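Start at 1 with the first residue, then count along the sequence. In each ligand, atom 1 is the first atom listed, and ligand 1 is the first ligand listed. Quick caveat, the model's predicted, so the values are computed rather than measured. When reading the values below, keep in mind they use all heavy atoms of this one structure, side chains included, and skip hydrogens, waters and symmetry mates.
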Amino acid sequence: MSGARIIDGKALAAQVQEKVAAAVARLRLEHDLAPGLAVVLVGDDPASRVYVRNKGKRTTEAGMKSFEYRLPADTSEAALLERIRLLNESPDVHGILVQLPLPKQINPARVIDAIDPDKDVDGFHVINAGRLAVGQPGLVPCTPLGCVLLAKQARESLEGLEAVIIGRSNIVGKPLAQLLLKENCTVTIAHSRTRDLPAVARRADVLVAAVGRPELVRGDWIKPGATVIDVGINRVETEGGKAKLVGDVAFEEAKEVAGAITPVPGGVGPMTIAMLLVNTVQAACRQRGIDLPRELADLAGG
Ligand code: NDP
């Protein structure tokens, strides 16, 4: 087989964003509810600044309220925890996201722990991780939610498929494994100690790479016809000395073998922000005790 279908994450994210905007318009009209997302950035990491700006822009484009807090790099942990306490109490703020990574003096686990689990739109709080694990309603991390929707672009049902996830982080690999189990996949989680990773990967009908190693997954690791979701975002230098983004999958090789594949950029990345908007609407509705608008019923996790 030659020439996998390219799964267009930008187009899918735009569709999700449209649904969010329609849902928000109805919430404003019918319930006088404007979902609000607060994003906190500590320091001036250039990549984080771009992410935060994009999140704010998409939030307002969807008709929601965006609150941005830019704190200096030398902010103390106590000051950040105090900011979170205020946001936890604010009735206008339904979702809180603290952009990672944080400066050295701040312990990220303590910060995540301080966020009200019902406002934890990143889904990183241990309460939300637990809710996902046992199948209770909660907030699910955005990137894994996006991965499942992308995989469903290629396959109507994931039921019964072999899914292999390379990477076991708390923000991608582990929650994605839970979501794929919920889809009735047979799930394998591989990592840096996995023996014969290429052979494990070749079992996959759905292969997800969330590693952070440029082009680790080669064409001959892929089962012909497999759906390949590339979460990795790696900045590498081209021969001409310019920077470019590549995924964890060697795209040119992989697309000759796979049935469908997400590109980098333009695959998982745009979906992560789109799912953040969905999570914010979901958090707002739960806090007000109203049903999730029907536009978002098939999109929301947890
Ligand atoms: P982490 O560094 O937290 O986890 C990486 C995982 O990959 C670990 O489980 C590690 O194994 C495993 N790993 C590392 N090297 C190898 C190897 N050689 N073979 C097999 N497994 C390996 O990363 P994240 O989960 O946070 O992110 C992964 C990638 O996804 C990054 O490139 C990141 O930038 C990107 N990302 C993209 C997002 C998006 O919106 N598109 C959102 C979040 C992340 P072990 O546990 O054994 O160390």
Give me the nearest non-hydrogen protein atom to [atom] as residue plus atom name, then the distance to 0.1 Å.
atom                    : value
atom 36 (N) of ligand 1 : Val231 O, 3.7 Å
atom 29 (C) of ligand 1 : Gly212 N, 3.6 Å
atom 18 (N) of ligand 1 : Leu216 CD1, 4.0 Å
atom 3 (O) of ligand 1  : Ser169 CB, 3.3 Å

What residues, two or more places apart in sequence or in another chain, satisfy salt bridge (charged side-chain N to carboxylate O under 4.0 Å, His left out) together with Glu77?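 Partners of Glu77 under the salt bridge (charged side-chain N to carboxylate O under 4.0 Å, His left out) test: Arg110.
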Glu30: what forms a salt bridge (charged side-chain N to carboxylate O under 4.0 Å, His left out) with it, not counting sequence neighbours? Arg26
Can Gly173 be said to touch ligand 1, with heavy atoms closer than 4.0 Å?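 So Gly173 does not count as touching ligand 1.
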So which bit of Arg213 gets within less than 4.0 Å of ligand 1, heavy atoms only: side chain, backbone, both or neither?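 Side chain only; the backbone of Arg213 stays clear of ligand 1.
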At a non-hydrogen distance cut-off of under 4.0 Å, which region of Thr194 contacts ligand 1 (side chain, backbone, both, or neither)?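 Neither part.
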Do ligand 1 and [X] have nitrogen or oxygen atoms that lie under 3.5 Å from each other?
X      : answer
Ile233 : yes
Ser192 : yes
Arg168 : yes

With a 4.0 Å cut-off, strictly under, does atom 27 (O) of ligand 1 pick up any protein heavy atom?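 Within 4.0 Å: no protein heavy atom nearby.
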